[in-house]
Structure formats: C-alpha cells, structure tokens
Amino acid sequence: MSQSSPQPERPCPSRPPARRQDAHPVPDPLDARSAPDAIRASDAEREAVVERLRVASVEGRLTFEELTERTEAAYAAVSRGDLEGITADLPGMGAPGANPAPPQVKRRFSAVMGDCKERIVGRIDGPLEAVSVMGDVELDLRGAQVPTGEVQISATAVMGDVKIIVPDGVSVVLAGHNFLGDRKVNVRDPHPGARVPVVRVTATAVMGDIKIVDDEHHAPVRRAITDWWQNRR
C-alpha cells in the first residue's frame, strides 16, 4: 500500500505589528484645493503680511495700535486662513493710497505745576517732546498714525511725572539718566525676532518719574473686565 508524500507546510500570513498606543498619529496631507485656509503658514508668508501692514500704515489705513496688534497677530498666525483674516479689510498691494491723517502739528507737551493729557490721533512725522516741572504729562500714542513704524520721544521730569502710553506689543528702547528719580518700562515683551513698531524714549528724571506703559499695564482692571465680557459671548 503506497504512502502519500507529506505536503509542504504553508507559511502562516504574518500579522502587522501592533501599533503603539502612545504613538502620535500623523495627520493626512491636506488638499490645498479643498481646504486652502487650513494650510500652515510659512515664515515667508508671515513676513509678507507684516510688510503689507506696514504699507497700509504708511497709506494711513491703520493706527499705531492697529498696526502693532495686527503685526503681533501675523507672527502668531498658524494657518494661511489666519493671515488672510488679518488683512481681510485691506486692499491689495498696488491699490491707490488712502489719504493719510493730518500731521501732528503740536510736538512739545509740557506741564508746569499742572497737568497735561494728550491723546495723539494725527500723523507723527518727527520726534516728540514731553516736559514736566512739578506737574504731570500723559501722552497716549495708541490712536496715532506712524508711517515709519517708529516714534522718538524726549521726556524730562523735574519733580514731576511723565507717562507715555503705547500699544500692546511694541518694542520700547529706553535711554537717558535719572537723579533721585525713576525711569520705568512696563510693557509686554514682543514676539522674539519680530519686526514690530518701536518707541524710542530718551528720558531724564530729576526727582521725578518717567514711565512707559502699554495698554495692558495702563488700565489692568478695565482690560480684565473687557476681556471677560468679550469671552462670555
């Protein structure tokens, strides 16, 4: 009786290796045609938006505060959609320029045994000067137009106070000296390496105080209430 020859063993199909539970899933590549706003923004695209904002400021379309806020938002943008939202109300490059704000004619602000409060809304084309002698001077730059993106201020306080209010996110460069007085800068640090607007202050304090503050430090209680009201909606 003949014996049948042994059949070769069939190899068992290999199972795919088990996926680690702690592995980070890789998102599927986005289709730029179906979701263009969700594509992540590049550094070059952020810089292009910042340059567009600078041009809009030169044309008189943005105040100093708006320029600073949008510049900060551009550097923090994650997607192209975020960048497009920042410039949605601005015309395209090459559009006819808008009429800039009237120039700021008054350049010197002084208080001698009194108070001087100024909210500048004109176009700053040159340096400003603030002098306080046994008085208080307050300059608010948030509503001004600054085509160059830079403001230069000479501040002197003799037994008095000078307070300069700047938009959130600007870079403040403080120079000068003090004698029995204080020179303080209370502003939030801008984005590292960002091309943000600059306020340069040469401060001389003699038994007086010179302070540069942003909107966040100027009225913290009011700012907290405003943020709470906006977030509750």
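Each residue takes its place number in the sequence, starting with 1. Reckoned from all heavy atoms, side chains included, excluding hydrogens, waters and symmetry mates.
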Take I165 and E138, measure what side-chain contact (heavy atoms from CB on, under 4.5 Å) needs, and give me the verdict at the end.
CA-CA 8 Å; I165 307 173; E138 180 178 290; 3.9 Å; yes
Evaluate side-chain contact (heavy atoms from CB on, under 4.5 Å) for V50 paired with R54, printing each intermediate quantity in order.
CA-CA 6 Å; V50 171; R54 188 195 66 80; 5.8 Å; no
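Note: the hydrophobic cluster containing V78 does not contain I86 (ILVMFWY, side chain heavy atoms under 4.5 Å, direct or indirect links). Taking hydrophobic clusters as Ile, Leu, Val, Met, Phe, Trp and Tyr residues chained together by side-chain heavy-atom distances below 4.5 Å, V151 shares a cluster with I210. Cluster membership check: V158 does not share its hydrophobic cluster with V162, using side-chain heavy-atom separations under 4.5 Å among Ile, Leu, Val, Met, Phe, Trp and Tyr. Under the 4.5 Å side-chain heavy-atom criterion for ILVMFWY residues, a single connected hydrophobic cluster contains both V185 and L141. Residues L53 and I124 fall into different hydrophobic clusters, defined by Ile, Leu, Val, Met, Phe, Trp and Tyr side chains chained together at heavy-atom separations under 4.5 Å.
The distance from the CZ atom of R183 to the CG atom of N178 is 5.0 Å, given to the nearest 0.5 Å. The CE atom of M159 sits 9.5 Å away from atom CE of M113, with the distance rounded to the nearest 0.5 Å. Note that the CZ atom of R70 and the CD atom of E65 stand 11.5 Å from one another [nearest 0.5 Å]. Summarising the geometry, atom OG belonging to S57 is positioned 14.0 Å from atom CZ belonging to R52; distances are rounded to the nearest 0.5 Å. The CZ atom of F64 sits 11.5 Å away from the CD atom of E69 when rounded to the nearest 0.5 Å.
Here the side chains of I164 and V201 are in contact, with some heavy-atom distance below 4.5 Å. You'll find the side chain of E72 stays beyond 4.5 Å of the side chain of T68, heavy atoms only. Between L139 and F109 there is a side-chain heavy-atom pair separated by less than 4.5 Å. With a 4.5 Å cut-off on side-chain heavy atoms, K163 and D136 do not count as touching. With contacts defined as side-chain heavy-atom distances shorter than 4.5 Å, the pair I153/R200 does not qualify.
Between D209 and K184 there is no salt bridge, since none of the side-chain N atoms of the basic residue sits less than 4.0 Å from a carboxylate O of the acidic one. Taking a cutoff of 4.0 Å between a charged side-chain nitrogen and a carboxylate oxygen, R188 and D215 do not qualify as a salt bridge. Under the 4.0 Å criterion applied to side-chain N and carboxylate O atoms, E129 and R107 are not assigned as salt-bridge partners.
Between P91 and R61, the shortest heavy-atom distance links the atoms CG-CZ, 3.4 Å. Nearest heavy-atom pair across P147 and V58 is O-CG2, 3.1 Å. Across every non-hydrogen atom of V137 and S110, the tightest pair is CG2-C, 4.1 Å. Nearest heavy atom pair, residue P167 against residue D214, reads O-CB, 3.8 Å. Minimum interatomic distance between R123 and D125 (heavy atoms only, all atoms of both residues): NE-OD2, 2.9 Å. Annotation for D182 and A205: closest pair O-CB, 3.8 Å, computed over non-hydrogen atoms.
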Under 3.5 Å, which donor-acceptor pairs do the side chains of residues 114-121 form with other protein atoms, sequence neighbours left out?
{"from": "E118", "atom 1": "OE2", "to": "K106", "atom 2": "NZ", "distance (Å)": "3.2"}
{"from": "R119", "atom 1": "NH1", "to": "D140", "atom 2": "OD2", "distance (Å)": "2.7"}

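Looking at N186, V166, V170 one by one, the single match for side chain to side chain contact (heavy atoms under 4.5 Å, CB included) with I212 turns out to be V166.
For E47, the side chain to side chain donor-acceptor pair (under 3.5 Å) partners are Y75, R195, not counting sequence neighbours.
Side chain of E66 to backbone of T63: a donor-acceptor contact under 3.5 angstrom is found. For T87 (side chain) and L90 (main-chain N/O), no donor-acceptor pair under 3.5 Å exists by modelled atom type.
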